[in-house]
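Residue numbers begin at 1 in each chain, while the letters A, B, ... track the order of the sequences. The model shown is predicted, which means the values in this text are computed figures rather than measured ones.
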Protein chains: 4
Amino acid sequence: MSAGDEGPCTKERRGPGRPRSVECQTAVLRATAELLDEGRYVEVTMEAIAKRAGVAKQTLYKWWPSRARIVMEAYREKVGGTIRIADTGDFDQDLERLMIETATGLRRSSDGLRGLGAVLAGLIADAQNDVELLEEFKTSYFEPRRARVVALVEGAKARGELPKDADVELVLDLLYGPIWVRLLVGHAPLDAKFAREVVANVLRGLRAGAPARRSK
Amino acid sequence: MSAGDEGPCTKERRGPGRPRSVECQTAVLRATAELLDEGRYVEVTMEAIAKRAGVAKQTLYKWWPSRARIVMEAYREKVGGTIRIADTGDFDQDLERLMIETATGLRRSSDGLRGLGAVLAGLIADAQNDVELLEEFKTSYFEPRRARVVALVEGAKARGELPKDADVELVLDLLYGPIWVRLLVGHAPLDAKFAREVVANVLRGLRAGAPARRSK
Amino acid sequence: MSAGDEGPCTKERRGPGRPRSVECQTAVLRATAELLDEGRYVEVTMEAIAKRAGVAKQTLYKWWPSRARIVMEAYREKVGGTIRIADTGDFDQDLERLMIETATGLRRSSDGLRGLGAVLAGLIADAQNDVELLEEFKTSYFEPRRARVVALVEGAKARGELPKDADVELVLDLLYGPIWVRLLVGHAPLDAKFAREVVANVLRGLRAGAPARRSK
Amino acid sequence: MSAGDEGPCTKERRGPGRPRSVECQTAVLRATAELLDEGRYVEVTMEAIAKRAGVAKQTLYKWWPSRARIVMEAYREKVGGTIRIADTGDFDQDLERLMIETATGLRRSSDGLRGLGAVLAGLIADAQNDVELLEEFKTSYFEPRRARVVALVEGAKARGELPKDADVELVLDLLYGPIWVRLLVGHAPLDAKFAREVVANVLRGLRAGAPARRSK
DNA sequence: AACTAATCGAGACGGTACGTCTCGTCTTTTT
DNA sequence: AAAAAGACGAGACGTACCGTCTCGATTAGTT
C-alpha cells in the first residue's frame, strides 16, 4: 500500500526532506468521501478534493493517477468490509444473500444521485473514457469482488451443487449483469426481490439439462 | 397518408419564421457520426461538431440539449435498421439471433475505442452525470430496443413457448445485463458464443420448474 | 422627417408593393427611447429594440444602418426642441443660457448611467469604433447643434460683440470641449456654475487683446 | 526604508506559491501593444491578446479586470515618458509646449484609426459602458496627466503668472476639453496651431479682469 | 380578379467574443 | 524531499449579439 512506511525501528535514518505525511493521505480520502456523500459524483473534482483536504493539487497527482483512483480508494475504505461473504456450505443461500446485499447496497436514492451506487456508476462512467482507469477499475474493484463469487461457485461445483462444466465467467456476468443494468439505467427497482429472482433464474438455468429447447 | 392534398396543411401547419434547415441538421449528424468514427467519444465535443459541420454552436444548443443527445440521434441514424427483428414463430431462434446481433454489433475493437459499442458506452457514461440525459437515453434508445424484445416475449408466451407468468422486465435485464457488463468492462469477449450461452441459460432458467432448488 | 408623406399632390409616383409602415417606425423609436430610459446604453441592443418594438430585426437593418443611428433618431425626437435658442441681441446672455442648458441637460444622474448625457456619451463611444457612425454623428447631431452657436457667434461678430477675426471652429471647441470632458469623465459637476465659468473665460479670452503674454 | 536587510523582507514578504510570471505579463503587454499598432482598437479582444501572447485567457482575467485595463497598461508602458514636462519658470511656454505635444501626440492618422489618439479614444469609449473602468481610467490615466499640469499651474500662481484664485479644475477642463473634442470627433485638425490657440485663449481669459462683459 | 412587388413579423443561421471552468503541469517558499 | 500555494497553458463550456438569410402573411399598385 502506498503510504504506510512500516519502518524497522520506526527510526530508520531518513534522508533530508520532509517525509510523506500520512495525514495528508487520510485527509484526501476523507475529503473525497465527504464530497461523495454531499454531492454528485461529477462535482468531486481534483480541485474540490484538494481544497477540501487542504492539500495541494500536485500532491494528489503525486500519489494518485486520477480522480477516479482516489474515489475508488476512498470508496473501498468506506465499504470495504461491508459485504461479508459467508461460505456456509449452502451455495444457493450464500449466493442469494450476497447478491441481495450487493443489489440493495447499490440502490439509488430517490433523487438518483447519492450513495454507493452513484459512486460505482460514476466510476464506470469515467472508465469509459479512460483506458487506464478501466484497467484500474478492473484490477482494484471489479475482479476482487468477482473473485469472492468465484470461490463460492468453485465450492459449489466441488460439492456438486453446480455442474462441473459451468463457465464461471459466464455465471458471474449472468448474475452481475442484470444488477448493473438497473444500477446504470434505473428503469426498475434494485431490490431484494429482484436479486432473488435473478439468482433463482440463473441457478435454474445452470442446473436445467442441456436440452433446454422446449419444443421440437 | 392518403391524398388529403391541400398542401400546406399536410406540412402540419408550420408557424412563421424561417424553417429549420434540414441541411444543417444532416450536416450536424453526419459530422457527429464522422467524429465518432474517427476518434474517441470524449473527443466529440460541441465545439468539434460545430466546426466540422460548419455550423454555429448556438444552432447546436438550439436543437439539441446536450452533446449526448446529438450522438444518440447520429447513432440512431447510423444503426437504426441494422438489427432486423424477425418474428418467425420460433422464439428461441429469433431471440438468439437478435442477441447475437446485438452483442457482436457492440463488440469493441482491439483498441477498445471505436464503434457502436464505444458510442453506447459513452452515452451510458454521460447519462450517469446527467439525469435528464438518462431520461432521454431511456426514452430514445433503451426502451425502444427493449420493446422489440418485449414483443417477441409476449408472442412466445401466447404460443406457450414461455411461461405465462414470466416477468418481462426481469427477462430483459437477464438478457441484456450480461452484454452490458462485457461492453462496459471488456473483461471477456462479446461474441456470438457468449450471446448464445446467455440466451440458453436464461431460457432454461425461465422454463425450468419453480422448484429450482436442487438439494434439500 | 423621413417617412411622413404629406402629400396628395406630391404623390411622387410610388411603385407597387406594400408601403413602409409608419407604426413600425414609431414603435421602434418609442421602444428605443424606453430602453434608453430604463437601462444603460449598452443594453440597448438591436435584439432588445426589435423585441420591445415587436418588430423584426430585418426591419431595423432595412431602415437604419446601425443601432446608434436609431438611438440618435429616438434621442432627437425626445429632445429635439428642448433647448430653444434665443437670439435676443445680447450675445453673452444668449450664449450663457444656451451653454447652461446644454450642460445641465447632459448632467449625469447619481448612478452615472441614465439620461441624455448617458445617451450622448454612448453615441460618442460607439462612434469611436465605427467610422461611418462617426460621420453620421457629425452630420446628424454634432454639426446641427454647433450650427446654432455659429449663428449666434456670427451675429455677435456683426454687432461687434466679438472680434471679427475670431475662429468660430475654435470658439466652439473652447465652449463645448470642457463640457464634453466632464460628461465623459464625470470628474467634476456639470452644472450651471461650471457652464457660466466656461463661457466667461472663453469670452474674456476672445476679447482680451492679442498681447496675451503677460511677461516678456 | 533603512537597511533592515534580512533579505526576504526587502521583497515585501511574498507568501508561498508560484510567483506571478513576469514574462507572462510582459508578453501580454507586448502583444497588446502590437495589436494596437496593427489594427483597430475593437480588434484588440481578450481572445486575440491571449493568442498573440501565448497565454491562457484565464491568466488575463486573473490579472486584469478588463480588456481596457490591459490596453491602459500597455499604453502607459508605450508612452509613459514620452511627454517630458519641463518647469522652466516660464509658465506660458511650458504649458504651450506641453499642450502642443499632447495634441500632436494624439493626432489621428489619415484613416482615423491608429495611434495613441485612437487608443485613448477607444479607452474613453469603453469607459462609457463600464463604471469601474471609468474609475480606473480616471485614476490611472486621467488624473496623473492632469496632476502634472496642476503642478505647473500652481507654480505659475506662486510666481504671479496666474491669478491666485484661478480654479485649477476649471483650467484643466478648458485646456483639455477642446483637444478631447477634436480627438473624439475629428472635425478639425489636432495640430500645434490649434493647441497654441487654445492655450492663448485660455490664458487670456484667466488673466483678463473679472469684468469681462464688454457691453452694458 | 389576378398578378406583381414591396413590407413586415418571425426566427433560423454562421460567426465571433465573452467570461468561466477544470485539467494537469510548473515554480516558488516552507517545513 | 515533500508539502502547500497557486500561477500557468490549454481548451471546452454555454451565452450573447451581430448581421444575414429564408419563410409565410400582408398590402398596395399594375394588368
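Distance, B/R69 CZ to F/dG14 P: 16 Å, rounded to whole Å. Here E/dC18 presents its C1' atom at 13 Å from CG of D/D126, a figure rounded to the nearest Å. At whole-Å resolution of the value, CG in A/N129 and C1' in E/dC23 are 14 Å apart. In this entry the distance linking CD of B/E43 with C1' of F/dA10 reads 15 Å, nearest Å. Distance D/R20 CZ to E/dC26 C1': 17 Å, rounded to the nearest Å. When rounded to the nearest whole Å, the span between CZ of B/R18 and P of F/dC23 equals 7 Å.
Where B/C24 and D/P19 each meet DNA chain E at their nearest nucleotide, the meeting point lying more 5' is that of B/C24.
Within the model, atoms CG of C/L35 and CZ of C/R30 stand 12.0 Å from one another, a figure rounded to the nearest 0.5 Å. Once rounded to the nearest 0.5 Å, the distance linking CG of B/D126 with CZ of B/F137 reads 11.0 Å. Between the CD atom of B/E43 and the CG atom of A/N129 there is a distance of 9.5 Å, given to the nearest 0.5 Å. Expressed to the nearest 0.5 Å, how far CE of A/M46 lies from OG1 of A/T32 amounts to 9.0 Å.
Judged as a salt bridge (charged side-chain N to carboxylate O under 4.0 Å, His left out), and not counting sequence neighbours, A/E132 has no contacts. Every salt bridge (charged side-chain N to carboxylate O under 4.0 Å, His left out) that D/R52 has, sequence neighbours left out, goes to D/E34, D/E38. For A/A125, the side-chain contact (heavy atoms from CB on, under 4.5 Å) partners are B/A125, B/Q128, not counting sequence neighbours.
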Can you give the donor-acceptor pairs under 3.5 Å from side chains of residues 54-66 of chain B to other protein atoms, not counting sequence neighbours?
unit_1	atom_1	unit_2	atom_2	d
B/K57	NZ	B/E47	OE1	2.7
B/W64	NE1	B/E73	OE1	2.8
B/S66	OG	B/R69	N	3.3

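For B/T26 (side chain) and B/E23 (main-chain N/O), a donor-acceptor pair under 3.5 Å exists by modelled atom type.
Within residues 58-68 of chain B, the residues having any heavy atom under 4.0 Å from DNA chain E are, by residue number, B/Q58, B/T59, B/K62, B/W63. Proximity of residues 44-57 of chain A to DNA chain E (heavy atom under 4.0 angstrom from any strand atom) is restricted to A/T45, A/M46, A/E47, A/K57. Residues from residues 26-35 of chain D that place a heavy atom under 4.0 Å from any atom of DNA chain F: there are none.
Counting heavy atoms from C-beta on, the side chains of A/L120 and A/I124 come closer than 4.5 Å.
For B/M72 against B/L123, the heavy-atom pair with the smallest separation is CG-CD1, 3.4 Å.
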